[in-house]
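Any value given below was found using the heavy atoms of this structure, including those in side chains, with hydrogens, waters and symmetry copies removed. Bear in mind that the values here come from a model prediction, so they are computed numbers and not experimental data.
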Amino acid sequence: MTSSQKVCFGFLAVITVGTILLMLPFSTATGNWNSPVVALFTATSAVCVTGLAVVDTGTDFSFWGQLFILLLAQVGGLGYMTFTTFLIMLTGRRFDLRHKIAIQQALDRREMEGSGNIIRSIIAVTLFFEITGIFLLLLVFVPEFGWDKGMWLAIFHSISAWNNAGFSLFSNSLVDYNSSALLVFTISGLVIFGGIGYQVILEMFFWLRDRLRRRPRNIVLSLDYKVAVSTTLFLLFLGLLGFFLVEVRNTETLRNLSFRSQFLAAWFQSMTTRTAGFNSIDIGGMTTAGLFITIAFMFVGASPGGTGGGMKTTTIRVLTSCTKSILQGKQEVLLYERRIAVSLILKAVGVIVGSVTVVIICTILISLTDPIFDFIQILFEVVSAYATVGLSTGITSDFSIWGKLILILTMYMGRVGVLLLMSAVLGDPKPTNIHYPEEDLLVG
């Protein structure tokens with residue numbers, strides 16, 4: 001198999017194993033066999049770190065079922081190739097060139113060297129943030145639920161947040177904690193750092209380390225770092241302002257809250273569209289404008305190399321920079337005084353065209369299978385599934401079997417990536433030396 005086929009079939013294998021485990025009687029709260037569709041949907045949502053659910057995770061699954069969901073989300077957040085590579089390293093084996101190429105494609109890296117070191121760094125960063133999140137969330141859950149249940153709630157929500165999975169053990173997600181600043185900013189930190197990418201976190205760590213040690217060495221931050229951080233911060237504060245202005249008079253979301261709680265809820269809603277899937281307000285009660293803003297932010301998603309999905313922040317920056325260059329009459333695309341390669345621009349265009357095509361087709365299909373729902377609700381669910389966000393207006397469990405199967409396929413395509421999936425189906429592109437004459441075409 002090619003590298004892209006290994007990644008795609010690897011995710012399918014993990015989803016299959018997860019479906020079997022979640023079907024077993026000891027995975028359900030009732031002790032009965034689980035529905036195959038429910039088990040498949042939940043396993044896919046966990047592996048694809050989406051968070052959409054057709055049953056209540058906290059009440060319909062036993063402790064073992066919840067543990068399986070958490071492990072599937074951890075594997076999905078790390079990525080199939082990262083997880084298998086880590087297992088290979090534990091056994092002391094060395095991986096060959098094909099495996100290095102697969103890691104390169106899975107992590108969206110430009111080079112193959114140092115694959116072992118980057119995997120170790122990913123595991124270390126993951127453990128650091130998840131353990132830190134657990135200790136902070138203990139302060140929230142233990143006083144209310146005691147040590148046993150409080151510990152499990154802290155572990156579950158910390159790992160779910162870091163992997164941008166969005167699964168919660170509460171029936172209304174985190175609505176009851178929209179006034180808890182500690183929970184809001186702990187979950188926010190885990191989600192943002194989990195979705196911003198491991199390379200960005202490592203660069204940030206080395207930069208801070210040298211500043212604290214007062215070393216005179218100048219670290220040149222990469223273009224990936226600059227684009228990911230600046231775009232993420234811009235989207236977070238734009239979302240905070242947008243959600244606050246749109247929902248502040250809505251009695252079903254923000255109006256009945258204090259100003260402090262309104263600020264926390266608007267911030268949390270802006271953060272969760274980074275493909276987190278948690279919610280601290282009733283999504284189904286949002287205004288149409290609020291839902292459409294959420295759809296736009298969900299479609300953009302997180303950054304490359306992180307645990308989130310979506311079109312990615314770097315993709316949208318490349319496309320907006322293309323527009324800026326056209327308006328300025330330039331013949332090249334610049335970002336932070338660096339010229340963007342044509343191949344990268346073509347990839348960004350391919351990502352957005354492929355993503356829009358998938359969303360349109362899946363929205364049409366679900367509109368045919370489940371015509372009882374409003375268009376905005378169906379579009380919201382499809383974008384949430386494709387961008388692996390997990391936010392829902394509350395209609396996911398009411399979809400027909402065909403509608404749920406379409407959402408399962410949408411989540412899978414969103415997790416592996418539309419370009420990688422097409423590469424797995426069509427095979428790796430073959431280079432050619434044939435060049436054709438250039439000709440102008442009327443555009444726009």
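- The closest side-chain donor-acceptor pair between Trp162 and Gln74, if any, does not fall under 3.5 angstrom.
- Checked against a 6.0 Å centroid threshold, the rings of Phe68 and Phe61 do not count as neighbours.
- For Thr396, the side chain to side chain donor-acceptor pair (under 3.5 Å) criterion is met by Glu381, Ser392, not counting sequence neighbours.
- Judged purely by atom type and a 3.5 angstrom limit, Thr57 has no side-chain atom pairing as donor or acceptor with the backbone of Ala53.
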* **side-chain contact (heavy atoms from CB on, under 4.5 Å) evaluation trace for Gln66 with Phe167** => CA-CA 10 Å; Gln66 296 169 9; Phe167 280 96; over 6 Å; no
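- In the model, Ser222 has a side-chain atom that pairs as donor or acceptor with a side-chain atom of Glu203 under 3.5 Å.
- You'll find the side chain of Arg274 stays beyond 4.5 Å of the side chain of Val389, heavy atoms only.
- Counted by atom type alone, Arg249 and Thr287 present zero donor-acceptor pairs between their side chains at under 3.5 Å.
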Let me check something: any side-chain donor-acceptor pairs from residues 38-48 under 3.5 Å, sequence neighbours excluded? List them with distances.
unit_1	atom_1	unit_2	atom_2	d
Thr42	OG1	Val38	O	2.7
Thr44	OG1	Leu40	O	2.7
Ser45	OG	Gly51	N	2.9
Ser45	OG	Leu52	N	3.0
Ser45	OG	Leu52	O	2.8

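- When the side chain to side chain contact (heavy atoms under 4.5 Å, CB included) test is applied to Ile316, the partners found at least two apart in sequence or on another chain are Thr231, Val300, Met311, Thr320.
- Between the side chain of Ser423 and the main chain of Leu419, no donor-acceptor pair closer than 3.5 Å is present.
- Tyr412 contributes no side-chain N or O that, together with a main-chain N or O of Ile15, makes up a donor-acceptor pair within less than 3.5 Å.
- Residues Thr253 and Glu247 have side chains that bring a donor and an acceptor to within less than 3.5 angstrom of each other.
- Rounding to the nearest 0.5 Å places CD1 of Ile364 at 12.0 Å from OG1 of Thr369.
- For residues 377-409, the ring pair (Phe, Tyr, Trp, His ring centres under 6.0 Å) pairs, not counting sequence neighbours, are Phe373-Phe399.
- Going from atom CG of Leu235 over to atom CZ of Arg317 covers 9.5 Å, rounded to the nearest 0.5 Å.
- Between the CZ atom of Phe263 and the CG atom of Leu257 there is a distance of 14.0 Å, given to the nearest 0.5 Å.
- Looking only at distances, no side-chain donor or acceptor of Ser321 sits under 3.5 Å from a matching main-chain atom of Leu335.
- Judged purely by atom type and a 3.5 angstrom limit, Ser270 uses its side chain to pair as donor or acceptor with the backbone of Leu236.
- A donor-acceptor contact shorter than 3.5 Å links the side chain of Ser158 to the backbone of Glu130.
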Acceptor/donor pairs from residues 187-194 side chains to any protein atom, 3.5 angstrom cut, sequence neighbours excluded:
unit_1	atom_1	unit_2	atom_2	d
Ser188	OG	Val184	O	2.5
Ser188	OG	Trp267	NE1	3.1

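- Using a 4.5 Å heavy-atom cutoff, the side chains of Leu223 and Ile340 are in contact.
- There is no side-chain donor-acceptor pair under 3.5 Å between Asn34 and Thr28.
- In this structure, the side chain of Asp282 engages the main chain of Gly284 through a donor-acceptor pair within 3.5 Å.
- Judged by distance alone, with hydrogens and angles left aside, the side-chain atoms of Thr410 form no donor-acceptor pair with the main-chain N or O of Ala385 at under 3.5 Å.
- Within the structure, the ring pair (Phe, Tyr, Trp, His ring centres under 6.0 Å) test picks out no pair touching residues 296-315 (sequence neighbours left out).
- Expressed to the nearest 0.5 Å, how far CD of Glu144 lies from CG of Leu139 amounts to 13.5 Å.
- Under the 3.5 Å distance criterion, with hydrogens and angles disregarded, a donor-acceptor pair is assigned to the side chains of Thr275 and Asn164.
- In this model, a donor atom of one side chain and an acceptor atom of the other lie less than 3.5 Å apart for Ser179 and Ser261.
- In this structure, the side chain of Ser27 engages the main chain of Leu21 through a donor-acceptor pair within 3.5 Å.
- For the residue pair Ser400 and Asp370, a side-chain donor N or O sits within less than 3.5 Å of a side-chain acceptor on the partner.
- In this structure, CG on Leu391 lies 6.0 Å from CE on Met298, to the nearest 0.5 angstrom.
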